[in-house]
Amino acid sequence: MTQQDNVATGFILVTAAGLATALGAGLVYSPWFVKIANKKFLAGSLGLAAGVMMFVSFIEIFFKSNDAFVEHGFKENVAFSLATALFFAGIVFIQLLDLVVHSISDYEKDLHEVCDVVLEKGFEKNVPGNANKTTSPTRPSTAIEEIKREVKDRESQMQGSIADVAPRASTGTTFELTKRGSDVENMSTSESTLDKDPHRVRLNRMGLMTALAIGIHNFPEGLATFLGTLDDPSVGAALALAIGIHNIPEGLCVAIPIFYSTGSRHKSFLWALLSGVSEPIGAAIGYAVVVASGGEVSPLAFGILFGLVAGMMVQISIKELLPTAFRYDAQDKVVTYAVIVGMVVMALSLVLFALAVSSDDDDE
């Protein structure tokens with residue numbers, strides 16, 4: 001199978017990983033699904049993704065870099081040295097990228113705070129319109145307090161008949177409310193009110209800046225997954241799986257603040273979806289590189305790419321996935337086991353793939 005044969009597979013895998021942000025954002029439509037998204041579930045998912053990423057990086061991707069340099073013509077010791085140097089260069093690249101991202105938005109802190117609201121207090125209790133449900137006190141947090149304040153404001157606004165249309169000339173605001181069960185499906189507020197309300201402005205900006213920051217962060221992941229798939233679809237599938245798992249809470253991080261600031265489920269879902277679009281864009285740039293190089297990526301280019309990707313994936317696991325997982329599983333009841341399970345699953349998939357390739361070679 002040639003690299004060109006794997007182009008479609010690469011785009012499918014990258015798009016699926018990017019669209020995983022929509023799964024997290026989808027909670028604004030179906031609060032019931034958050035019942036499975038407790039702390040242990042989130043911690044286990046992140047641990048699983050970290051296990052997959054680290055195993056495939058150390059065992060598969062790093063040595064693909066080494067083998068590609070050997071194929072290009074370097075001696076074994078030189079090839080190994082180059083792969084090692086590029087591995088640490090990938091780590092440095094992620095560190096520098098994080099500096100850029102955090103200069104735009106401290107999205108990791110926002111992610112933690114939003115998850116605190118959703119996982120500790122229950123999404124249904126905080127959805128605008130559920131005025132009869134109460135929450136217990138939470139530890140002080142800027143984003144949490146903003147959301148709680150917004151919920152309280154909306155609950156006070158909806159006292160009276162929820163099905164009425166009540167224009168309020170004094171504020172220049174019109175609320176159009178309809179009831180479906182206990183939820184409020186439509187709520188429109190004028191631009192002037194949003195501009196004047198500092199709490200909504202704060203939440204809206206937090207969500208939009210987080211979407212931008214995550215989009216920048218996802219770009220190299222999409223590029224790496226696509227180019228990795230060109231050389232070996234099993235590696236691309238492993239990367240897409242791990243990236244997709246940790247994209248789910250990122251979609252939630254984008255959607256919830258925008259939802260509370262605007263009352264629009266559609267708008268919050270759309271922005272979360274757009275934050276994942278940068279991954280297919282990264283794949284498109286990767287494809288442009290392939291076309292520019294005559295339809296085939298050279299062994300030297302693959303050696304450089306795989307060395308960088310191995311370091312990037314390990315750094316993402318160590319710096320982002322595992323710390324977040326342990327935040328929600330401080331006593332380590334599930335994270336370590338999830339990491340091991342991720343490694344075992346990845347190991348079995350690579351072994352089975354190798355056996356399948358060996359069987360095909362014997363048949364020929």
Can you check whether [X] reaches [Y] side chain to side chain, under 4.5 Å on heavy atoms?
X      : Y      : answer
Ile245 : Val52  : no
Met54  : Leu322 : yes
Ser45  : Ile248 : no
Val100 : Leu96  : no

Self-check item: With Tyr337 via ring pair (Phe, Tyr, Trp, His ring centres under 6.0 Å) - residues at least two apart
Solution: none
Practice problem: Just jot down the ring pair (Phe, Tyr, Trp, His ring centres under 6.0 Å) partners of Phe219, sequence neighbours excluded, or say none. | Solution: none
Locate the shortest heavy-atom distance separating [X] from [Y]; write the atom from each residue and the value.
X      : Y      : value
Lys40  : Val334 : O-CG2, 3.8 Å
Phe87  : Phe58  : CZ-CE2, 3.7 Å
Ala272 : Ser275 : O-OG, 2.6 Å
Gly47  : Ala325 : N-CB, 4.2 Å
Phe69  : Ala79  : CB-CB, 3.6 Å
Ala83  : Ser65  : CB-OG, 3.5 Å

Exercise. Report the C-alpha separation of Glu279 and Ile243 in whole Å, then their side-chain angles, then the decisive distance to 0.1 Å, and conclude whether the side chain to side chain contact (heavy atoms under 4.5 Å, CB included) test is met.
Key: CA-CA 10 Å; Glu279 292 200 14; Ile243 291 169; 3.3 Å; yes
Quiz item: How far apart are the C-alpha atoms of Asp98 and Ile94, what are their side-chain angles, what is the distance that settles it, and do they pass the side chain to side chain contact (heavy atoms under 4.5 Å, CB included) test?
Solution: CA-CA 6 Å; Asp98 277 345; Ile94 290 297; 4.0 Å; yes
Has the side chain of [X] got a donor or acceptor atom that lies under 3.5 Å from a matching backbone atom of [Y]?
X      : Y      : result
Asn218 : Ser278 : no
Ser268 : Arg265 : yes
Asp329 : Ala43  : no
Thr21  : Gly18  : yes

Exercise. Determine whether more than 12 heavy atoms belonging to other residues, nucleotides or ligands lie under 6.0 Å from atom OH of Tyr287.
Key: no
Exercise. Would you kindly confirm whether Val351 and Val344 end up in one hydrophobic cluster when ILVMFWY residues are joined by side chain heavy atoms under 4.5 Å apart?
Key: no
Quiz prompt | Hydrophobic cluster membership, Leu321 vs Met346, 4.5 Å side-chain cutoff | solution = yes
Exercise. Could you tell me which residues satisfy side chain to side chain contact (heavy atoms under 4.5 Å, CB included) with Thr84, sequence neighbours excluded, listed by chain and number?
Key: Phe62, Phe80, Phe88
Self-check item: Partner residues of Val345 under the side chain to side chain contact (heavy atoms under 4.5 Å, CB included) criterion, sequence neighbours left out
Solution: Val341
Approximate separation, where rounding is to 0.5 Å, of [X] [atom1] and [Y] [atom2]:
X      : Y      : atom1 : atom2 : result
Lys75  : Ser81  : NZ    : OG    : 12.5 Å
Ser234 : Leu239 : OG    : CG    : 9.5 Å
Thr336 : Ile340 : OG1   : CD1   : 6.5 Å

Quiz prompt | Residue pair Glu221, Val14: steps toward the side chain to side chain contact (heavy atoms under 4.5 Å, CB included) verdict | solution = CA-CA 9 Å; Glu221 295 177 353; Val14 172; over 6 Å; no
Quiz prompt | Set of residues satisfying salt bridge (Lys or Arg N to Asp or Glu O under 4.0 Å) with respect to Asp67, sequence neighbours excluded | solution = none
Self-check item: Name of the residue among Leu13, Ile12, Leu19 meeting side chain to side chain contact (heavy atoms under 4.5 Å, CB included) with Thr15
Solution: Leu19
In a table with atom names and distances, give each donor-acceptor pair under 3.5 Å that connects a side chain of residues 299-318 to protein atoms at least two apart or in another chain.
unit_1	atom_1	unit_2	atom_2	d
Gln315	NE2	Gln95	OE1	2.7
Ser317	OG	Met313	O	2.9

